[in-house]
Every structure is written in C-alpha cells, then in structure tokens.
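Accompanying notes for the structure given below.
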Number of protein chains: 2
Amino acid sequence: MADKHELRDKGLRLTPQRELVLSAVRELGHATPEEVAEQVRATHPGINLSTVYRNLETLENVGLVQHTHLGHGGATYHAAEELTHLHLVCSDCGSVGDAPIGAAANFVQNLADDYGFKTDVTHFAVYGLCAACVK
Amino acid sequence: MADKHELRDKGLRLTPQRELVLSAVRELGHATPEEVAEQVRATHPGINLSTVYRNLETLENVGLVQHTHLGHGGATYHAAEELTHLHLVCSDCGSVGDAPIGAAANFVQNLADDYGFKTDVTHFAVYGLCAACVK
DNA sequence: GCCGAAGTTGCGAAGGACTTGCAAGTAGCA
DNA sequence: TGCTACTTGCAAGTCCTTCGCAACTTCGGC
Ligand SMILES: [Mn+2]
Ligand SMILES: [Mn+2]
Ligand SMILES: [Zn+2]
Ligand SMILES: [Zn+2]
C-alpha cells in the first residue's frame, strides 16, 4: 500500500492513479506496465495504459521504483526496496530465479578496480541456463 | 567477407543478400539491424529491411551471428567469433566499453556452484557508470 | 471553503521496431 | 535445362510505447 506521505515527500501530487500504480508494483514484485495496469484495474477499472506508463516513469524519477530487463525486450518494474537480488533468467525455459546481490560482489569489485566501472548488477538480468535445463 | 563455403556448410543457400548481411555484421563489430541494412546498402542498395531481419535470424540459428542487448531495448548483432568480451555500458553517457570475459570468471563460477546456473555473460551488457562518469 | 496555476488524466492518434502474407524471383540439385 | 524449395521485396499488419490536447484534479494561498 502506498503511504500518502512518501509521495508528497518526493514532491509528487497525490492522485489515486499514482498511488495505485505504486501499490501494484509493490504487490506484484516485478511486473510489466501491462501487468501493472491489469492489477490497478481491479480497483480502478478506468485507468489508462498511458497513465500507467507516465506514472512508472515519474515514480522511477524519484527513486520509488526501478526498471529491469528480464527478457529480450521491454522493461519490468520493481519497487526500489525490492531490488536486493539478481535475476537469473533461463534462455531455455524462461524461468526467473533469484540470487543475492552478494553473489556478484567479487565481479563488481573487479570491474571497479580494473576499469573504474561502477556496476549496477540489477539493471539487466543474468542470462543463461537454469539448473534444470543444463541437464 | 563471407566465405561461400561456411554458409553452404551450414545448410544455407547462398544469396547475395545473405552474404552481405554476414559481412556487414563482421565489419561493424556490433550493429543494430538498421545499421546492418545501411551498411549492406553501400553495395546493394535495394535490400529490404525485412530481408536483413530474416537473415540475421537465420544466421543466428546456425550460430554464425549472435545478438546482445546493449541498450534498454532492441538487439545488436555480433559475429559469433567476436563474442569474446563483455560490454560495459554507461547509463550516463551511453559509452560501450569492453572487458575480457575472464573478468566474470569468478562470478560465473559462483553461480554454477551455488545455483547450477550456466551463465552467458555476453547476452546482456554489464550496466553501470563508466570511470569518466563516476567522477 | 474557494480560487487559480500547475500538474495529471483519458483518449485518440502517432511512432518505432519488428513481423507476416504473398507473388515474383533465384539457388541448387538432377 | 527444369523443377522445387527457399528467398526476396513490398505492403500491410502487430505490438509496445509515446504524444497532443482538452477536460479535470490537486494543493497552496486567500
Ligand atoms: Mn536477447
Ligand atoms: Mn533499461
Ligand atoms: Zn531453464
Ligand atoms: Zn559514462
């Protein structure tokens, strides 16, 4: 549920649509704009898809949500608090597994040391074959 | 330049368009379908974009090219031989740097050991801030 | 509480990036 | 040389995301 103050505190106006979009992202864990819209429509049937897109962008600008790429195209949205894990996406079966960010700590450190590159490991999924499909 | 035999050897028919698409991918290093089309048009002005898409797909199916995601959307194509490095994409300035695959060896090993996940580190770029933009 | 400026919404239309159907053309094998 | 399966160009069609705009809210000030 979106607390009214957190939106106002970020300098955003409080509209039912905006609260609902944020709530939906939190409830869904990660979701495409289309899925967010569908979820919001459960309580607010009239919401327009473009309103969902606009609010996702606005919420991302103030850091309340963030997007990730799990598949070959588009984006999926997470609540910012939730971005504490990596996504392991299987190229074969499409499954999305989680791994703690720490699993990449070493890698991130290497890139920082050797290239001065500050890696955001959550923006793109980690792509490959899941344990089940390796066999 | 695409050697005629390598296409035939993969069971593909040899068309000028197909050879040119493969050559273009090799010359460009990594390129979007649009960029490949533009490159091909230098010697074969009439080539249709859909022919480029179809051939990229065909060439990917037989393993001569491969696609990667460097940006937030679409795909860019590489010659299969060239996929020996990671891409470090800067979220700020958009630059695309390279790093040897080995930089991720440790990470890949971790995921294999802990999750049985076989990682393809080249499919998605490594996203973050380049050294210049970190400052 | 009421007002007005600025921000937001819904809707329809536009964009951009592929994908598809199809008729004409071509490669490759006999 | 001929046949058949594969390819191509072209036009149209999808799918996903963004825009323009008029109507409508929100919210700080009065
Ligand atoms: Mn992909
Ligand atoms: Mn992105
Ligand atoms: Zn799998
Ligand atoms: Zn940069």
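A note on names: the letters A, B, ... follow the listed sequences, proteins ahead of strands, and every chain is numbered from 1.
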Rounded to the nearest 0.5 Å, what's the gap from CG on A:L20 to OG1 on A:T43? Could you check?
4.5 Å
From CZ of B:R18 over to P of D:dT7, roughly how many Å is that when rounded to an integer?
4 Å
Nearest listed nucleotide, side chain of A:P33, among D:dT17, C:dT9, C:dT19
D:dT17
Spacing between A:Y53 atom OH and D:dC16 atom P, to the nearest angstrom:
7 Å
Please state how far atom OH in A:Y77 lies from atom P in D:dT17, giving the value in whole angstrom units.
8 Å
Indicate, with a heavy-atom threshold strictly under 4.0 Å, whether B:H44 touches base, sugar-phosphate, or nothing.
sugar-phosphate
Given atom CG of B:L49 and atom C1' of D:dT7, what is their separation to the nearest angstrom?
16 Å
Length of the line joining A:E57:CD and D:dC16:P, which is rounded to integer Å:
19 Å
Options C:dG10, C:dG7, C:dG28, nucleotide nearest the side-chain atoms of A:R13
C:dG7
Between C1' on D:dC27 and CZ on A:R8, what's the gap in Å once rounded to a whole number?
7 Å
Check whether any side-chain nitrogen or oxygen of B:T51 sits under 4.0 Å from OP1 or OP2 of D:dG9, and answer yes or no.
yes
About how many Å separate CZ of A:R54 and CG of A:L49, when rounded to the nearest 0.5 Å?
10.5 Å
Does B:Q17 place a side-chain N or O at less than 4.0 Å from the phosphate oxygens OP1/OP2 of D:dG9?
yes
Under the 3.5 Å rule, do the base of C:dG21 and the side chain of B:R54 count as making a donor-acceptor pair?
yes
Given atom CG of A:N48 and atom P of D:dA22, what is their separation to the nearest angstrom?
17 Å
I want to check one thing: is the phosphate of D:dC6, taken as OP1 and OP2, less than 4.0 Å away from some side-chain N or O of B:T15?
no
Atom CG of B:N55 and atom P of D:dC6: how far apart are they, to the nearest Å?
15 Å
So what does A:I47 hit on the nucleic acid, given a heavy-atom distance under 4.0 Å: a base, only sugar-phosphate, or nothing?
sugar-phosphate
Under a 4.0 Å N-O cut-off, is there an ion pair linking A:R26 with A:E82?
no
Heavy-atom nearest nucleotide on DNA chain D taken for A:E34 and for A:S50; more 5' hit belongs to A:E34
CD/B:E38: more than 12 non-hydrogen atoms of other groups inside 6.0 Å:
no
Is it true that B:V134 and A:Y115 fall in one hydrophobic cluster, defined by side-chain heavy atoms closer than 4.5 Å?
no
May I ask you to say what A:G73 touches in the nucleic acid, namely base, sugar-phosphate or nothing, with a heavy-atom cut-off under 4.0 Å?
nothing
